[in-house]
Structures are given as structure tokens and as C-alpha cells.
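The figures here come from the full heavy-atom set of this structure, side chains too, leaving out hydrogens, waters and symmetry mates.
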Amino acid sequence: MDLKLYDTLTREKRPFTPLDPSRVRMYVCGPTVYDFAHIGNARPVIVFDVLFRLLRHVYGAEHVTYVRNITDVDDKINARAAEEYPNLPLNEAIRTVTEKTEKQFHEDVDALGCLRPTVEPRATEHIGEMKVLIERLVATGHAYVAEDHVLFSVPSMADYGRLSNRSLDEMEAGARVEIAPYKKDSKDFVLWKPSKPGEPAWPSPSGIAAPGRPGWHIECSAMSWKHLGEVFDIHGGGIDLVFPHHENEIAQSRCSFHTPVMANYWMHNGFLQVEGEKMSKSLGNFFTIRELLADWPGEVLRFNMLKTHYRQPIDWTLKGVAESFDTLVTLTSDPTFISGKETTIAPPVLEALSDDLNTPKAIAELHALQNKGDVVALSSTLRALGFSRRPQSPRQVDEQKVVALLDARNAARKGKNFKEADRIRDELTAMGVLLHDTKDGTTWEIGR
RNA sequence: GGCCACGUGGCGGAGUGGUUACGCAACGGUCUGCAAAACCGUGUACCCCGGUUCAAUUCCGGGCGUGGCCUCCA
């Protein structure tokens with residue numbers, strides 16, 4: 001079985017060969033913890049969870065290290081903390097916000113059937129590593145100090161821009177943002193900046209007296225280095241991170257370690273739209289994972305996400321989610337799914353996933369297993385892919401009332417009063433309850 | 001303006017230089033008091049215009065459309 005992955009850097013799909021098969025290493029950019037994660041945030045979490053599971057299957061669970069960071073130092077966090085907890089000292093307010101949000105994030109992605117990564121490092125716990133990298137970059141002329149900032153010198157790196165396919169000239173022409181006066185070059189970016197009073201602050205590197213805090217990109221270079229090494233196998237994230245975030249990570253890491261690459265495979269998931277439009281709060285089509293979980297089981301949201309190949313744009317629609325619900329109910333209808341325990345990926349599904357994570361094809365293969373009647377392989381594969389429960393609507397109904405109505409209906413049926421029986425069924429339907437009359441009696445379930 | 005994706009049947013979505021993917025929905029049937037579920041059956045689509053070819057949805061060129069990045073947004 002050959003695993004093939006598409007690499008954004010080389011723009012080709014090619015066989016995956018880990019640097020060290022006994023320790024396959026993957027880094028994925030995680031959340032900035034200041035608010036509930038939205039459904040767009042869920043996409044990379046789910047996509048790379050599938051990849052994590054696939055790698056564990058192929059190389060053995062103990063041979064895969066998956067690092068997903070938690071960004072807990074950021075302007076948006078500061079703003080949120082000051083807004084929500086105006087009476088607390090800022091640093092305390094920040095900690096409250098980040099801890100609360102991290103907990104919410106974990107609850108949400110757990111519900112989506114995602115395994116926890118091997119390591120979830122926090123930015124604030126890696127300030128030391130960041131400073132080491134910054135000092136190195138300054139020492140080798142790849143960075144410089146200016147007005148208490150440390151800036152990365154983009155022209156110092158000859159092949160900057162390869163990931164996003166931009167030449168240095170192009171970026172010069174396209175520069176239309178106001179340029180900070182202390183930058184030597186418009187493309188230079190911040191590695192370290194001074195903190196305003198009250199903001200999180202650490203002793204600065206490179207002889208800067210004023211306390212400061214890290215820029216956005218350096219944390220990922222520091223944390224991937226600490227937990228995975230100077231060069232590792234896979235680096236993932238949303239396609240919007242290609243520029244500038246990943247481009248700058250590459251610059252920082254490669255210039256620190258003098259390596260030809262930072263990661264051997266760069267993987268990026270496509271963007272998500274909602275009902276054909278860009279998701280935005282002003283359009284009213286902005287959904288958090290938490291909101292969707294109130295209406296839908298997590299596994300349905302997960303399935304819906306995987307119906308589309310990860311590099312394709314996905315149009316998230318209510319109709320699509322409803323369809324996913326029905327499809328997943330059918331796939332999980334066999335009793336072996338409920339009772340079984342095995343988790344292994346059936347060969348045809350494995351083959352589909354091995355082709356750059358072709359999840360739509362994999363789902364087609366699940367249907368093929370079902371049509372063949374191979375329910376054991378089907379159930380075991382579903383579990384291996386993170387589908388552990390049969391979907392059930394999270395909506396609640398008054399069970400006593402349902403039973404009472406059910407009894408009334410059956411009494412009516414017995415007396416051949418079918419008009420009344422149908423009326424009661426309509427009433428139950430309106431409550432969201434579906435009936436199944438069988439020769440052994442009537443069963444019911446909550447519809448979607 | 002620059003760079004980059006994508007455009008397949010009612011919908012979702014694989015794939016392929018020539019042979020019905022698959023799923024959902026729909027329709028017909030069996031079953032049922034009627035339904036639901038289940039089972040059986042029914043659907044030949046690939047944005048437009050050129051080119052290459054015996055043959056293109058699949059390759060090449062152009063156009064149109066949608067979206068993304070170029071603004072610390074997954």
C-alpha cells in the first residue's frame with residue numbers, strides 16, 4: 001500500500017516517505033483561543049484527524065507524533081479579555097479567556113470524533129525556544145533589531161516565497177499596506193515586538209531592554225522544533241495560511257537551521273462556504289461548532305465534512321448536512337456496528353484514503369462494503385475513521401407523552417379507528433417522533 | 001492588477017482518451033389498515049468556443065463563471 005500526498009510546495013502528488021518510519025511527525029496549526037471555534041475551523045481539525053488515523057494505521061499508533069499548537073498570545077485575545085473581564089487585571093483576564101476557550105475547543109472537537117493530538121503545546125510555554133531562534137536569526141544576519149522590535153529580513157533569504165509561489169519582485173509591486181518606518185524592507189515581518197503596558201510581556205531577546213512579546217509566526221517554528229525537530233514530515237493547515245504564515249514559518253526555521261526544507265510535505269485544506277456564500281457574521285451565516293452541535297450529532301457534521309475532498313472548496317449547506325444524517329444512519333444501521341469493537345480500515349477504503357486522502361471515494365467504498373453485505377468490515381472501518389455512534393438527533397422529546405400517545409394510537413388501531421390513529425401519528429410527527437409499526441409492535445425514534 | 005484553485009446528472013461527488021462510479025432526493029413496485037423502514041426496479045450528466053485525435057467530459061489554447069490569497073482570517 002503506497003500512501004500518496006499532495007505537497008503544496010512542489011505542487012505534486014507523490015509517494016509519502018517518512019524521514020523516520022518509527023516516528024512519523026506531523027504539525028498542524030491549531031486555534032487561537034479567544035472565542036468558540038466556527039465550522040470553518042473544524043475543517044482542518046477533522047481532515048488532519050483522518051490523516052492522523054491513517055498514519056497510525058499504516059505505521060502503528062505509537063509511531064506517529066501529531067502536534068497541534070494552541071495560540072494563547074494574540075491581540076484578539078487581549079481585546080476579548082479586556083472586553084469580557086474589565087475588572088480583572090489584564091493578564092488574569094487573558095488567562096481566564098484562553099483557559100475557557102481551550103476547554104470549549106476540546107469539547108467541540110471531541111464531539112466531532114477527533115482524537116487528541118499527541119502534543120498540544122501552548123505558545124506562552126515556548127517563549128524560551130522562540131527567543132533562541134530569534135537570537136540565531138539576528139546572529140546570522142537574517143534578522144535585525146529596530147526600535148525594540150526584531151524583524152526578519154526577507155531579502156536575506158534568496159528563495160523566500162516558494163510555498164506561495166511569489167517572487168520577491170512581485171511582492172514589491174503588490175505592496176500597498178502602509179509600511180512601518182523601522183522596516184528595512186517592506187516585506188520584513190515581526191519576530192518580536194514591545195508590549196504595551198498591562199499586556200503580556202517577557203524579557204526581550206537580542207539586547208532589547210523593553211519587555212515584549214512574540215510575533216505571530218515564530219511560535220510555530222519554535223514549537224515544531226521543540227516537539228518534532230528541525231525538519232519533519234508533514235505540516236498542515238488551512239489554505240489561507242499559505243501566505244504569509246507558513247511562508248514566514250519556513251523562512252524562520254530554514255534560516256535558523258540552514259536546512260533546505262522545513263517539512264517534506266505541506267498540506268492545505270480548502271476553504272468552506274456556507275450556502276454558497278462566504279461565511280461572515282454580517283451575512284448571518286456564521287456558525288460555530290457549538291451551535292451546530294445543538295441541532296446535529298457530531299458524527300454527522302464530521303461525515304458531512306468528509307464528503308468533500310479536503311483540497312476542494314466545500315459548500316456547507318443545511319440540505320447537505322441533512323443528507324449526511326440519512327446516509328450515516330443507513331451506513332450504521334447494522335447491529336454489528338453497535339455491538340462490535342474492532343477498528344481496522346478495510347482494504348478498499350484504505351486504498352482510497354491512501355490516494356491523497358480521497359474521502360469521497362472512501363465513502364463510496366463504505367457503501368460498496370454495505371452493498372456486498374460485509375457488515376463487519378463496514379462497522380470496523382467506520383469506527384476506525386472516528387464514527388463511533390449511530391447518529392441520533394440531539395433534540396429532546398417528552399418520553400412519557402410519546403408513550404401515552406403511542407398507547408392511545410394502538411388502542412385506536414385495535415378498534416379499527418384508523419382516522420384517529422393517523423391523527424395521533426401526525427401529532428407525534430409534529431413532535432419529531434417517527435413510528436415504525438412492525439409485527440412485534442410499534443417502535444419509535446427521534447427524527448432528524 | 002498579480003498569483004492560485006475550481007466548474008460533472010435535481011443535489012452531493014469520484015473517475016476516465018473510446019466500456020452505466022457511488023450516495024441522497026425523485027419515480028414505479030413488493031410489503032403495510034394507511035404510512036415509515038426494508039427490499040426490488042428506473043436515471044447516460046460532464047460550463048462555452050476552438051485545436052490535437054479514428055475518438056475528448058478526460059489532453060492543449062482561449063473565453064466565461066465561482067471562490068481563495070496578495071490586509072497577523074482555517
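- In this structure, the nucleotide among B/rA74, B/rC22, B/rA14 sitting nearest to the side chain of A/H367 is B/rC22.
- Per the geometry, CG belonging to A/D326 stands 20 Å off P belonging to B/rC22, to the nearest Å.
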Give me, pair by pair, the N or O atoms of the protein and of nucleotides 35-40 of chain B that are less than 3.5 Å apart, along with how far apart they are.
from, atom 1, to, atom 2, distance (Å)
B/rA35, N6, A/D437, O, 3.1
B/rA35, N1, A/D437, N, 3.2
B/rA35, N3, A/R425, NH1, 3.1

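- For A/K419 and B/rC34, the shortest distance from a side-chain N or O to OP1 or OP2 is not below 4.0 Å.
- With a 3.5 Å ceiling on both atom-pair distances, B/rC31 lacks any Watson-Crick or G-U wobble partner.
- For A/D240, whose side chain is taken as the heavy atoms from C-beta onward, the closest listed nucleotide among B/rC73, B/rA14, B/rC22 is B/rC73.
- Taking atom P on both nucleotides, B/rC64 is separated from B/rG23 by 39 Å, rounded to a whole Å.
- Cation-pi check for A/R390 over A/F337 is not met; the charged atom does not lie both under 6.0 angstrom from the ring centroid and within 45 degrees of its normal.
- Spacing of P atoms, B/rA55 relative to B/rU66, comes out at 34 Å, to the nearest Å.
- Spacing between B/rC3 and B/rC46 at atom P, rounded to whole Å, works out to 32 Å.
- Atom CD of A/E12 is surrounded by more than 12 heavy atoms from other residues, nucleotides or ligands within 6.0 Å.
- Here A/G40 lies in heavy-atom contact (under 4.0 Å) with a base.
- Crowding of A/K361 atom NZ: a count of heavy atoms from other residues, nucleotides or ligands under 6.0 Å not exceeding 12.
- Looking at A/R80 and A/D74, no side-chain N of the basic residue comes within less than 4.0 Å of a carboxylate O on the acidic one, giving no salt bridge.
- Per the geometry, CZ belonging to A/F418 stands 13 Å off P belonging to B/rU32, to the nearest Å.
- The same atom, P, is picked in B/rG67 and in B/rG29; the two are 44 Å apart, to the nearest Å.
- The gap from the C1' atom of B/rU71 to that of B/rU44 amounts to 48 Å, rounded to the nearest Å.
- The gap from the C1' atom of B/rG12 to that of B/rA25 amounts to 10 Å, rounded to the nearest Å.
- Between B/rA74, B/rC22, B/rC11, one nucleotide has an atom nearer to the side chain of A/K319 than all others, and that is B/rC11.
- With no hydrogens or angles considered, a side-chain donor-acceptor pair links A/N248 and A/Y160 at under 3.5 Å.
- Residue A/I363 is classed as having no contact, given no heavy-atom separation below 4.0 Å to the nucleic acid.
- Distance from the side chain of A/W216 is smallest to B/rC72 among B/rA74, B/rC72, B/rA14.
- Nucleotide B/rG50: paired with B/rC60 (Watson-Crick or G-U wobble, both distances less than 3.5 Å).
- Stacking between A/F271 and B/rA74 is shown: the ring centroid lies under 5.5 Å from the centre of the six-membered base ring, and the planes differ by under 30°.
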For this session: Start with the C-alpha gap between A/R95 and A/D72, add the side-chain angles, then the distance that decides, and say whether salt bridge (charged side-chain N to carboxylate O under 4.0 Å, His left out) holds.
Result: CA-CA 9 Å; A/R95 196 170 343 104; A/D72 59 355; over 6 Å; no
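- For the side chain to side chain contact (heavy atoms under 4.5 Å, CB included) with A/Y27, the qualifying choice from A/I234, A/V119, A/V67 is A/V67, the only one to do so.
- Pair check for B/rC6 finds B/rG65; Watson-Crick or G-U wobble, both atom distances under 3.5 Å.
- Comparing the P positions of B/rC39 and B/rC22 gives a spacing of 16 Å, expressed to the nearest Å.
- Taking only side-chain atoms of A/P360, from C-beta outward, the nucleotide of B/rC34, B/rG13, B/rC22 with the closest atom is B/rG13.
- Atom-to-atom, NE2 of A/H246 to P of B/rC70 comes out at 13 Å; the value is rounded to the nearest Å.
- For B/rA26, the paired nucleotide is B/rU42, the pair qualifying as Watson-Crick or G-U wobble because both relevant distances are below 3.5 Å.
- Nucleic acid contact class of A/E365 (heavy atoms, under 4.0 Å, all strands): none.
- Atom-to-atom, NE2 of A/H309 to C1' of B/rC6 comes out at 12 Å; the value is rounded to the nearest Å.
- Counting only heavy atoms from C-beta on, A/E323 has its side chain closest to B/rG23 among B/rA14, B/rC70, B/rG23.
- Protein atom CH2 of A/W316 is 20 Å distant from nucleotide atom P of B/rC11, rounded to whole Å.
- Shown here is A/Q392, whose CD atom has no more than 12 heavy atoms of other residues, nucleotides or ligands within 6.0 Å.
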* Are A/E420 and A/R423 close enough, and set up right, to give a salt bridge (charged side-chain N to carboxylate O under 4.0 Å, His left out), and what steps lead you there? -> CA-CA 5 Å; A/E420 172 66 3; A/R423 191 199 61 74; 3.1 Å; yes
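- An OP1 or OP2 oxygen of B/rC4 is reached within less than 4.0 angstrom by a side-chain nitrogen or oxygen of A/N165.
- For A/K278 and B/rG68, the shortest distance from a side-chain N or O to OP1 or OP2 is below 4.0 Å.
- RNA chain B is contacted by both A/D355 and A/P244; A/D355 maps to the nucleotide lying nearer its 5′ end (nearest heavy atom per residue).
- Side-chain N/O atoms of A/N358 include one lying less than 4.0 angstrom from OP1 or OP2 on B/rG15.
- Taking atom C1' on both nucleotides, B/rU20 is separated from B/rG63 by 32 Å, rounded to a whole Å.
- As rounded to whole Å, 17 Å separates atom P of B/rG12 from atom CE of A/M305.
- Of the candidates B/rA25, B/rA74, B/rG33, the closest approach to any side-chain atom of A/A421 belongs to B/rG33.
- Within the nucleic acid shown, A/H245 has no heavy atom closer than 4.0 Å to any nucleic acid atom.
- Annotation: of the two residues near RNA chain B, A/R311 and A/R43, the 5′-most nearest-nucleotide partner is A/R311.
- Side-chain atoms of A/D315 and base atoms of B/rG12 include no donor and acceptor less than 3.5 Å apart.
- Between A/F152 and A/H142, the ring-plane angle classifies as parallel under the 30° and 60° cut-offs.
- Here the C1' atom of nucleotide B/rC22 and the CG atom of A/L366 are 11 Å apart, to the nearest Å.
- Under 4.0 angstrom from either OP1 or OP2 of B/rG13 there lies at least one side-chain N or O belonging to A/T308.
- Under the 30°/60° scheme for interplanar angles, the aromatic rings of A/H246 and A/W266 are found to be tilted.
- The nearest whole Å value for the distance from the CZ atom in A/F189 to the P atom in B/rC70 is 15 Å.
- Considering only side-chain atoms of A/N371, the nucleotide from B/rC22, B/rA14, B/rC73 that sits closest is B/rC22.
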